[in-house]
Amino acid sequence: MDAISSPFLSGGNLLLSTPISKSRTAVSTAICSVLAEETPRTVKKPASRPDADFPSPSLSQRATPPPAVAKGSSTRRVEPSVPASIFNAFDDLINNFINPPVSPSVDPRYVLADNFAPVDELPPTECEVIQGSLPSSLNGAYIRNGPNPQYLPRGPYHLFDGDGMLHSLRISNGRAVLCSRYVKTYKYTLERDAGHPVFPNVFSGFNGLTASAARGAVAAGRVLTGQYNPANGIGLANTSVAFFGDRLYALGESDLPYPIRLTPNGDIETLGRHDFDGKLSMSMTAHPKIDYDTGEAFAFRYGPLPPFLTFFRFDKNGAKQPDVPIFSMNRPSFLHDFAITKKYAVFTEIQIGFNPMQMIVEGRSPVGADPSKISRIGLIPRYANDESKMKWFDVPGVNLVHAINAWDEDDAVILVAPNILSVEHTMERMDLVHALVEKIRIDLKTGIITRRPLSTRNLDFGVINPLYVGKKNRFVYAGVGDPMPKISGVVKLDVSQEERRDCIVATRLFGPNCYGGEPFFVPRERENSDETAAEEDDGYVVSYVHDENSGDSRFVVMDAKSPELEIIATVKLPRRVPYGFHGLFVKESDLSKL
């Protein structure tokens, strides 16, 4: 599971939660927290009690107050205003007495342990290739997004609440340069300049009516006293990266996209907040689908108010086309990802939704599972002007958070995706989640749904050759959950097999206590125009991998065609890269367009 900066909470009601207050002291046991530290730390993750070692700087490391801005910024620190100090004190009261982080799922001492702990920004830094050599056709940049809180939280914190940080490995002629930079969202820059958190923590601030009301009141007070303007965006941009219309975007589904660019030396720059000439006024998915053949991008947004789902697309030049509101989805549901074919957009309305009674009665998050709900798959023509031709199909027990691919086949639509078997744990206990990759066939004439599991292993973060999005493909590369969200290796599945047996045809495990993230497939570029077209699996599978024994991180390149996903190159990174969410490889010819 990746970040879900949910529009349920951020887009529909800006005043449901408030920020976790932090002063600038160094003492880890004080009420307030400190700026995330650059120096890597090895922190023991608590096994049974949430009050074990907390990954905060020691007194010797923080003998003086830390700067209020990220490393490399020239913004000077300012003292909090009187209204800010007052509301910071209210935040302390809420976080320490009204709603302290009791549950391990929102306790920062647990959530930010080990390689989930944040790091400081890293300017472009040369890396060492310690095994093999980087392929000559692998020129460009691998950029992965993920949560990295600017301030270590003292109150409740969920993994999805962290500020977005991009970790880019720029590869050119066999050399590699690593750079880590925050996405300079409105939230990040305002809090950096203020020297303390101002915005709500969306996912961890709604555990109970009393806490939500208290945090909502503080948030309202901050807005009314001019500490921030929610119209400028409240999102984190911590989920993924997408390239379409000759622009590169950092994405999070609670805000507009943030265009970014890479400088020639490998640095990362945020270019602002993009509304596509005023045509995108609200949030959009962090998983747009790009049709390689047409250059179009397809996307959607969802939220707590009707229409609960809105579909739209961008033409090959990146111009947004009109919204298509979908009112036939008649209750707010969690829709993190979707798929496209050459004819349709494919949505899944799953058992996770918005349930305010869960917050009022049970003191839990309003976003959770509803076991009585019947899941549905919806198909809408991808060039539809309205929802008149939208079709819904009941599919009990299907809970697809991510989609791998879909395609048209005769009078049917085929969908390949991991199905969450333990959906009740999705938000709070990801380590108990088991995802089973399924191949689902939707007969458009009869309405009959047939499902076939492709493997019994716990697999998620599945990717394909991006040239095959929306078209029939054969191979899928997926991360092995051990447990989720840690990824202990990568498997290759042959989804074309018709026999009812495990479809895994290749496996690469990273080793004891070594974990990566989402794999990404990079097609091998032809050396010259006379070379025959490459096969679907002719390319490389890349990922960041962290060794929890040594504390080192590396970048690995695997041969996607080899029977064991052979590692053909390993790059030692100058410092650890925290676990994160989704990434993208952008080839050099596309980087030059930015």
Distance-only polar pair, side chains of Thr310 and Asp323, donor-acceptor under 3.5 Å: no
Say whether Asn148 and Asp163, considering side chains only, have a donor N or O and an acceptor N or O under 3.5 Å apart.
no
Between Arg301 and Glu253, is there a salt bridge with N-O shorter than 4.0 Å?
-> no
_More than 12 heavy atoms of other groups within 6.0 Å of Tyr292 OH_ = no
Any donor-acceptor pair under 3.5 Å linking the side chain of Gln321 with the backbone of Phe312? no
Quiz item: Are Phe347 and Met329 close enough that some pair of their side-chain heavy atoms sits under 4.5 Å apart?
Solution: no
Q) Without hydrogens or angle criteria, can the side chains of His582 and His287 be said to hold a donor-acceptor pair below 3.5 Å? A) yes
**Report entry** Presence of salt bridge, Arg429 and Asp431, under 4.0 angstrom
**Finding:** yes
Look at Asp443 together with Arg441 and state whether they make a salt bridge at an N to O cut-off of under 4.0 Å.
yes
Distance-only, no hydrogens or angles: does the Asn145 side chain make a donor-acceptor pair with backbone N or O of Ala237 under 3.5 Å? yes
Quiz item: So, is the end of the Lys471 side chain (NZ or CZ) under 6.0 Å from the ring centre of Tyr468 and within 45° of the ring's axis?
Solution: yes
Quiz item: Is any NZ, NE, NH1 or NH2 atom of the basic residue among Arg451 and Glu438 found under 4.0 Å from an Asp or Glu carboxylate oxygen of the other?
Solution: yes
